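Structure first, commentary second.
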Amino acid sequence: MRPHNLKTRIFLDGGNPDETKEIIKLLGFLDGQTTNPTLIAKTPGVREHLERGGRFTSEDIYNYYRDVVKKISALIPRGSVSIEVYADLSTKADEMLRQGREMFSWIPNAQIKFPASQEGLIAAEQAVKSGLRVNLTLCFTQEQAAAVYAATRGAKRGDVFVSPFIGRLDDRGENGMDLISNIVGMYRKGDGHVEVLTASVRNMDHLLYAIKLGSDIITVPFEILKEWGEKGLPMPGDDYRYDSKGLRTIPCKDSDLSKKWQDYDISHDLTVKGMENFSKDWNSLIGQPAGART
Ligand code: E4P
């Protein structure tokens, strides 16, 4: 059962509908799910097919992604399900938008993931104007989150998520949880139309501290949600303190939310690396490496 004082929405980070079922059974609720190309590439259906010597065409793998997402959506019809467009470093906004529109038609509760890059923001700006719900992924800075806010101004709450990736910052010695704290604080000065979705969660403390910081949503890998469920869904108390274990502080910037999104510096090497890796994982499933087509 959902703890009475839990305001944060809890999502599962994964691509396997069997895990979705198991988590709903264990927790008694689930508010949504996020998927990405790497997670889809790791699902048993894909692994077994490849182990039998099979290959996928671009079309096969998109059809597989659509089937997985449909199964997940049916398990959490009132939740939100994030589906990620294929975007390598050369993918233009128009192509991302084309894919996003197609994917949005797959299920009634889709949220389309675009990277927090230049082309991703152009696509997201157009997408919200045409009624799509979006999730700006691979966010590593407060400036990127400010740009997401500016690019989607006018959208209604629930239609726009931003996904700061904390684990990948931790991995290189920076305290990813500072980024959540900084963005949540910055957005308090805004109109509330963008929700913070804490992503790249690696341990139970990330989960507890994100709840404590008031993150709107957290997406959590199966094993960690399972651990949380088996421990009886513990909540961070007033005395909860996050131990950053010596990670470098990410300073809070006094960001102004009133600028045009193009006026923010949205560059970050981990966004570039993330796009490279997601597209590499996707292309590795396809006979011929190629820009995927829906
Ligand atoms: C979710 O939307 C993200 O794609 C995911 O949390 C990334 O996690 P990772 O950094 O462990 O790959």
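Please read these numbers as outputs of a predicted model, since none were measured by experiment. Counting starts at 1 for both ligands and their atoms, in listed order.
- Screening Thr219, Ile72, Val68 for a side chain to side chain contact (heavy atoms under 4.5 Å, CB included) involving Thr35 leaves a single residue, Ile72.
- Atom 2 (O) of ligand 1 has as its closest protein heavy atom Lys113 NZ, 2.7 Å.
- The hydrophobic clustering, which links ILVMFWY residues whose side-chain heavy atoms are closer than 4.5 Å, places Ile122 and Val148 together.
- With a 6.0 Å radius and a threshold of 12 heavy atoms from other residues, nucleotides or ligands, Lys273 has its NZ atom at or below the threshold.
- Looking at ligand 1, you'll find an N or O of Asn36 within less than 3.5 Å of one of its N or O atoms.
- Residue Arg202 forms a salt bridge (charged side-chain N to carboxylate O under 4.0 Å, His left out) with just one option from Asp170, Asp13, Asp171, and that option is Asp171.
- For Trp282 and Tyr62, the ring centers sit closer than 6.0 Å to each other.
- The shortest N or O to N or O distance between Asp13 and ligand 1 is below 3.5 Å.
- Atom 12 (O) of ligand 1 has its closest protein heavy atom at Arg168 NH2, 2.8 Å.
- Contact between Phe114 and Gly120 at its shortest, heavy atoms only, is CB-O, 3.8 Å.
- The closest approach between any non-hydrogen atom of Arg202 and ligand 1 is below 4.0 Å.
- Among protein heavy atoms, atom 8 (O) of ligand 1 sits closest to Ser200 CA, 3.5 Å.
- The protein heavy-atom contact nearest to atom 3 (C) of ligand 1 is Phe165 CZ, 3.5 Å.
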